[in-house]
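By convention here, the first residue in the shown sequence is residue 1. Reckoned from all heavy atoms, side chains included, excluding hydrogens, waters and symmetry mates.
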Amino acid sequence: MPRVRAAVLAIAVMFAGCGRLDFDAESGVGSDGAPADMADASIDPSLLQGCELWMKLDDAVFGTDVIDSCGGDNEGVANSGVTAAVDPVRGRVAEMFGGSSCIIVPDAPSLRGGSALTLSAWVYATAVTPESYGLIAKRTTNLVDNAYASFIWGANFGAGTPNHAYVDIVGVDNRGEEMTEPFLNNWKQLTTVYDGSLPVPQRVAIYIDGQFKTFVAEDAASIPVPMTPPDVAIGCLPLNGLIQGLVGYLDDAVIWSRSLSAAEVSAWYDATKR
């Protein structure tokens, strides 16, 4: 059934009561957590321990100060027409149009990963494509300064109907794991957990909608920091520039500098589903 959305214009403030509290920039506590007034009252504060970036993406307008609700110290810049929209299920979200339409967060030590990392985002793709749709990525290009990335990709080079989930942690672009999950025209939460202290076969775990799906083998015990660390891209997958952007909607994009447990991933899904 077609989904009805309306672009958020000046009257978008009317939708502020969708179960999310406004961010108070004066109450920031840094990059290792967030006080209650930065988060939904329903979320257990322990889930936000180690939270370095939380883009709720319920800004009324996207511009040069896209809000970070984990400490407020990693704001982003919207590129190429990222638009605020109202979704009938999730309330205010970010609408993206492919290519370089994404949000860039400047590099910071807190976003570099180290030996533990968790990435999570809600995604609703409205088209399949032979290109990858980046969700959260920190890299310069394929095989260059590639710290981490989560993305979806059109089945059969865009000819199939589902989009498949992939994850690429550390260095080379060979860590993809294909999963036939219906990201197309459907809200799904993709969460990736990296823990360098675990045995190689279990260092990267992928969850969809709070449920464990698979492990992805990773040799590296920590994410290396290149001489020129790249920025973080929310909604596109850099390829010598901003490109391979999501066509669709994105919500609640989060980076933790720790590995969430399976129980915490499930709790985060429950806390952020609408």
Side-chain angles (χ1 to χ4, degrees), residues 29-34 38-39 43-56 68-71 73-74 105 107-123 134-139 146-152 165-177 179 181 188-226 229-230 232-234 252-273:
V29 297
S31 62
D32 59 351
M38 285 185 179
I43 293 179
D44 186 335
S46 67
L47 289 175
L48 295 176
Q49 292 300 311
C51 177
E52 307 296 349
L53 175 69
W54 179 10
M55 291 199 158
K56 294 185 180 180
D68 166 25
S69 291
C70 275
D73 49 356
N74 287 309
V105 181
D107 170 63
S110 62
L111 301 175
R112 294 176 185 172
S115 60
L117 180 77
T118 301
L119 311 174
S120 184
W122 283 87
V123 57
L135 304 181
I136 303 175
K138 186 173 177 59
R139 75 180 203 179
N146 195 1
Y148 52 81
S150 63
F151 56 99
I152 57 178
Y166 279 79
V167 60
D168 178 19
I169 300 289
V170 186
V172 297
D173 190 24
N174 63 355
R175 310 298 180 185
E177 182 66 24
M179 289 177 287
E181 293 287 335
K188 306 291 286 184
Q189 185 194 65
L190 175 62
T191 301
T192 301
V193 179
Y194 166 70
D195 187 342
S197 70
L198 295 177
V200 170
Q202 300 176 8
R203 282 183 178 165
V204 179
I206 299 179
Y207 298 80
I208 295 180
D209 290 347
Q211 299 297 311
F212 172 77
K213 289 296 180 178
T214 189
F215 287 117
V216 180
E218 173 51 58
D219 295 335
S222 65
I223 298 173
V225 179
V232 173
I234 306 295
D252 285 316
V254 193
I255 299 175
W256 289 264
S257 58
R258 68 181 181 94
S259 56
L260 269 64
S261 68
E264 288 177 314
V265 172
S266 178
W268 182 253
Y269 168 77
D270 288 338
T272 57
K273 69 183 179 182

Next item on the list: To the nearest 0.5 Å, tell me how far F212 CZ sits from S266 OG.
Entry: 14.0 Å
Next item on the list: Specify the closest pair of heavy atoms between I136 and S120, including all atoms of both residues, with the distance to one decimal.
Entry: CD1-O, 3.5 Å
Note to self: Taking V105's backbone N and O only, do any of them form a donor-acceptor pair with N74's side chain (distance below 3.5 Å, no angle check)?
What the structure shows: no
Item checked: Side chain proximity check, D270 to K273, heavy atoms < 4.5 angstrom -> yes
Next item on the list: Identify the heavy atoms of S257 and S110 that sit nearest to each other, and give their distance.
Entry: CB-O, 4.3 Å
Checklist line | Side chains of L48 and W54 in contact at under 4.5 Å (non-hydrogen atoms) | finding: yes
Next item on the list: Please answer whether the main-chain N or O of V193 pairs with a side-chain N or O of T118 as donor and acceptor at a distance below 3.5 Å.
Entry: no
Notebook entry, point to check: Quick one: CG on L119 to CG on L190, what's the gap to the nearest 0.5 Å?
Noted result: 8.5 Å
Next item on the list: Can you see which heavy atom on S150 is nearest to which on T192, and at what distance?
Entry: CB-OG1, 4.2 Å
Checklist line | Test item: D252 side-chain N/O and A121 main-chain N/O as donor-acceptor pair under 3.5 Å | finding: no
Item checked: Point-to-point distance, once rounded to the nearest 0.5 Å, from CD1 of I206 to OG1 of T214 -> 6.5 Å
Notebook entry, point to check: Taking side chain as C-beta onward, heavy atoms only, is R258 less than 4.5 Å from E264?
Noted result: yes
Notebook entry, point to check: If you round to the nearest 0.5 Å, how far is CG of L111 from CD of E52?
Noted result: 6.5 Å
Checklist line | Nearest-0.5 Å distance, OG of residue S222 to CG of residue D195 | finding: 11.5 Å
Note to self: Check whether R203 reaches the backbone of D219 with its side chain - one donor and one acceptor, N or O, closer than 3.5 Å.
What the structure shows: yes
Next item on the list: Check whether any side-chain heavy atom of W122 lies under 4.5 Å from a side-chain heavy atom of V254, and answer yes or no.
Entry: no
Next item on the list: Could you tell me whether the side chain of Q189 reaches within less than 4.5 Å of the side chain of T191, counting heavy atoms only?
Entry: yes
Checklist line | Ion pair K138/D107, N-O distance below 4.0 Å | finding: yes
Next item on the list: Of all the heavy-atom pairs spanning Q202 and F215, show the shortest one and how long it is.
Entry: CA-CD2, 3.6 Å
Note to self: I need the minimum non-hydrogen distance between S115 and A221, along with the two atoms involved.
What the structure shows: CB-O, 3.6 Å
Check: Just one of W268, Y194, Y148 clears the ring-ring contact (aromatic ring centres under 6.0 Å, His included) bar with W256, so which one?
Finding: W268
Next item on the list: Measure the OG-CE distance between S69 and M55 for me, rounded to the nearest 0.5 Å.
Entry: 9.0 Å
Next item on the list: Identify the two heavy atoms, one from G113 and one from I223, that lie closest to each other, and give their separation to 0.1 Å.
Entry: CA-CD1, 4.1 Å
